[in-house]
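To start, the structure under review is shown below, and the notes come after it.
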Amino acid sequence: MRAGRFRDERGQVVPLVAVVVVLVGVLCLALGRLGGSAATVTRAHTAADAAALAGAAGGEGAARSLAVANGGRVVTYREVDGEVEVVVAVADATARATARRDGGAPPGRPLR
């Protein structure tokens, strides 16, 4: 293959490899952000589940401490009829979880 095919009108070699590398880099960044946001949502759900269980066992202080330990913060904490409901925010994602004080699963939520 002749090098002339990759020259512009001034006779300079067109940096085709550089263009490809930049495009691949942009694609990697875009995919990384999508994967990062999915990981953030998963982390928020994990933090909410842990905080709800801690709240059911040890109260609001325990829920807040466990949410912080998982990289989040408690947005809402409430107790109704032996059930603790917690909303936790992690970065730009929020998740809600509930747990029963008696150790059972909340109504309508299967055990995992």
Side-chain angles (χ1 to χ4, degrees):
M1 200 182 280
R2 288 184 15 204
R5 297 177 77 187
F6 297 104
R7 295 185 183 274
D8 63 11
E9 63 274 357
R10 293 175 289 167
Q12 296 176 339
V13 177
V14 178
L16 185 60
V17 173
V19 171
V20 170
V21 168
V22 168
L23 290 176
V24 168
V26 169
L27 181 62
C28 288
L29 286 173
L31 291 174
R33 289 199 59 128
L34 289 174
S37 60
T40 300
V41 169
T42 301
R43 201 164 144 212
H45 284 288
T46 301
D49 286 340
L53 290 171
E60 185 174 356
R64 290 186 184 280
S65 294
L66 204 53
V68 170
N70 283 294
R73 66 181 174 80
V74 172
V75 176
T76 306
Y77 178 94
R78 62 181 204 165
E79 298 179 33
V80 178
D81 297 329
E83 189 170 288
V84 174
E85 181 181 85
V86 181
V87 176
V88 174
V90 174
D92 57 352
T94 59
R96 178 184 319 268
T98 57
R100 294 197 56 80
R101 285 206 179 274
D102 62 12
R109 184 172 177 188
L111 292 172
R112 291 186 235 181

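Keep in mind that the numbers below use all heavy atoms, side chains included, and drop hydrogens, waters and symmetry copies.
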Which heavy atom of [X] sits nearest a heavy atom of [Y], and at what distance?
{"X": "A52", "Y": "A99", "answer": "O-CB, 3.5 Å"}
{"X": "A51", "Y": "L66", "answer": "N-CD2, 4.3 Å"}
{"X": "A95", "Y": "A48", "answer": "O-CB, 3.6 Å"}

- ILVMFWY clustering at 4.5 Å (side-chain atoms), partners of V86: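 Members alongside V86: V74, Y77, V84, V88, V90.
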
- Query: What distance separates E79 CD from T98 OG1, expressed to the nearest 0.5 Å?
  - Reply: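 The distance works out to 13.0 Å.
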
- Task: Report the distance from atom CZ of R100 to atom CG of D81, rounding to the nearest 0.5 Å.
- Result: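 Spacing of CZ (R100) from CG (D81) equals 8.0 Å.
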
- Check whether any side-chain N or O of R101 sits under 3.5 Å from a backbone N or O of A56 as a donor-acceptor pair, and report yes or no.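 Yes, the answer is positive, given that a donor and an acceptor are paired below the 3.5 Å cut-off.
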
